[in-house]
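Residue numbers run from 1 in the order of the sequence given. No experiment lies behind these values; they were computed from the predicted model shown.
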Amino acid sequence: SLIGFVGKDFVLFLADTSQSRSILKMKGNQDKIMEIDGGKMFAMAGDTGDRNNFCEYVKRNLKLYEIRTGLDLSTHAAAHWTRRSLADSLRRRPYMTNLLLGGYDNEDGASLYFLDYLGSMHKMPFAAQGYASNFCLSIFDRYYEEDMTIEQGLELA
């Protein structure tokens, strides 16, 4: 399960470490959070191969764009590029991965994007994916506040 939410000047990700298939737990020490660059991160769910390959592909292409142009993409632009890559892969070889992409930009502040394997993308104040999402979303509906401090965010987590 993945959980992410936006605070006043931060995005906080929480993820379990289990890798499951149906009702079987295959592994208990999977890292499901990946740093893209100094200001952006992924929280990843899905099949291990698909999620790791796709996120490494995105990470490398965003770095290539930065090297070629000298520009660092904003979180919003990185989310759109990632969504387009997921949508394009649907026609060839779909990646079975769901993502939360969060980051902090000097102009836009903190932001969180919910992306699924079908190529849909939504900017969200909080999001969850996986088995625990129904439970977690009801907690966030009740206790989430828009301009939370990091201390309030850690207490909610």
Inset, instruction - Give a yes or no answer on whether the side chain of R83 reaches the backbone of M121 with a donor-acceptor pair at less than 3.5 Å. - result: no
Inset, instruction - Output yes when a side-chain donor or acceptor of R51 lies under 3.5 Å from a complementary backbone atom of G46, and no otherwise. - result: yes
Inset, instruction - Check for a donor-acceptor pair, side chain of D37 on one end and backbone N or O of G39 on the other, with a separation under 3.5 Å. - result: yes
Legend entry - Derivation and outcome, salt bridge (Lys or Arg N to Asp or Glu O under 4.0 Å), residues D88 and R93: CA-CA 9 Å; D88 287 345; R93 186 203 168 275; over 6 Å; no
Legend entry - Flag for T75-D105: side-chain donor and acceptor within less than 3.5 Å: yes
Inset, instruction - For E146, look at atom CD and say whether over 12 heavy atoms of other residues, nucleotides or ligands are found less than 6.0 Å away. - result: no
Legend entry - Main-chain N/O of D50 paired with T97 side-chain donor or acceptor, under 3.5 Å: no
Inset, instruction - Could you tell me whether the side chain of M34 reaches within less than 4.5 Å of the side chain of M41, counting heavy atoms only? - result: no
Inset, instruction - Check the hydrophobic clustering (I, L, V, M, F, W, Y; side-chain heavy atoms under 4.5 Å; chains of links allowed) and say if F13 and Y113 are grouped together. - result: no
Legend entry - Cluster overlap M44 with I33, hydrophobic side-chain contacts below 4.5 Å: no
Inset, instruction - Establish whether I36 and I67 are linked, either directly or via other cluster members, by ILVMFWY side-chain heavy-atom contacts under 4.5 Å. - result: no
Inset, instruction - Give the minimum heavy-atom separation between M148 and G153, together with the two atoms involved. - result: CE-CA, 3.4 Å
Inset, instruction - Work out which heavy atom in D116 is nearest to a heavy atom in L86; give both atom names and the distance. - result: O-CD1, 3.4 Å
Legend entry - Over all atoms of both residues, closest heavy-atom pair of F42 and V58: CZ-CG1, 3.7 Å
Legend entry - F126 and F5 aromatic centres sub-6.0 Å: no
Inset, instruction - Before accepting this row, confirm whether a basic side-chain N of the pair K40/D72 lies closer than 4.0 Å to the acidic partner's carboxylate O. - result: yes
Legend entry - Output field: ring centroids Y104/F10 closer than 6.0 Å: no
Inset, instruction - Evaluate side-chain contact (heavy atoms from CB on, under 4.5 Å) for T82 paired with L101, printing each intermediate quantity in order. - result: CA-CA 9 Å; T82 304; L101 190 153; 3.9 Å; yes
Legend entry - Contact summary for L115 and A79, nearest pair of heavy atoms: CD2-O, 3.7 Å
Legend entry - Atom pair OG/CG of S85 and N61 - distance to nearest 0.5 Å: 7.0 Å
Inset, instruction - Could you pull out the closest heavy-atom pair between S111 and V11, with the gap in Å? - result: O-CG2, 3.4 Å
Inset, instruction - Verify, without hydrogens or angle tests, whether Q152 (side chain) and T149 (backbone) share a donor-acceptor contact under 3.5 angstrom. - result: yes
Inset, instruction - Please work out which of the three classes, parallel, tilted or perpendicular, describes the rings of F140 and Y144, given edges at 30° and 60°. - result: tilted
Legend entry - Hydrophobic cluster identity match, M124 and L156, side-chain contacts under 4.5 Å: yes
Inset, instruction - Would you check if the side chain of N98 reaches a backbone N or O of Y117 as a donor-acceptor pair within less than 3.5 Å? - result: yes
Inset, instruction - Go through E66 and L73 one step at a time and tell me if the side-chain contact (heavy atoms from CB on, under 4.5 Å) criterion holds. - result: CA-CA 7 Å; E66 181 183 344; L73 286 177; over 6 Å; no
Legend entry - Validation row: L12, I3 side chains within 4.5 angstrom (heavy atoms): no
Legend entry - Side chain proximity check, L99 to F114, heavy atoms < 4.5 angstrom: no
Inset, instruction - Mind listing the closest non-hydrogen atom pair of G130 and S1 along with its distance? - result: C-OG, 3.9 Å
Inset, instruction - Spell out, yes or no, whether W81 and L71 are grouped together once hydrophobic residues are joined by side-chain heavy atoms under 4.5 Å, including indirect joins. - result: yes
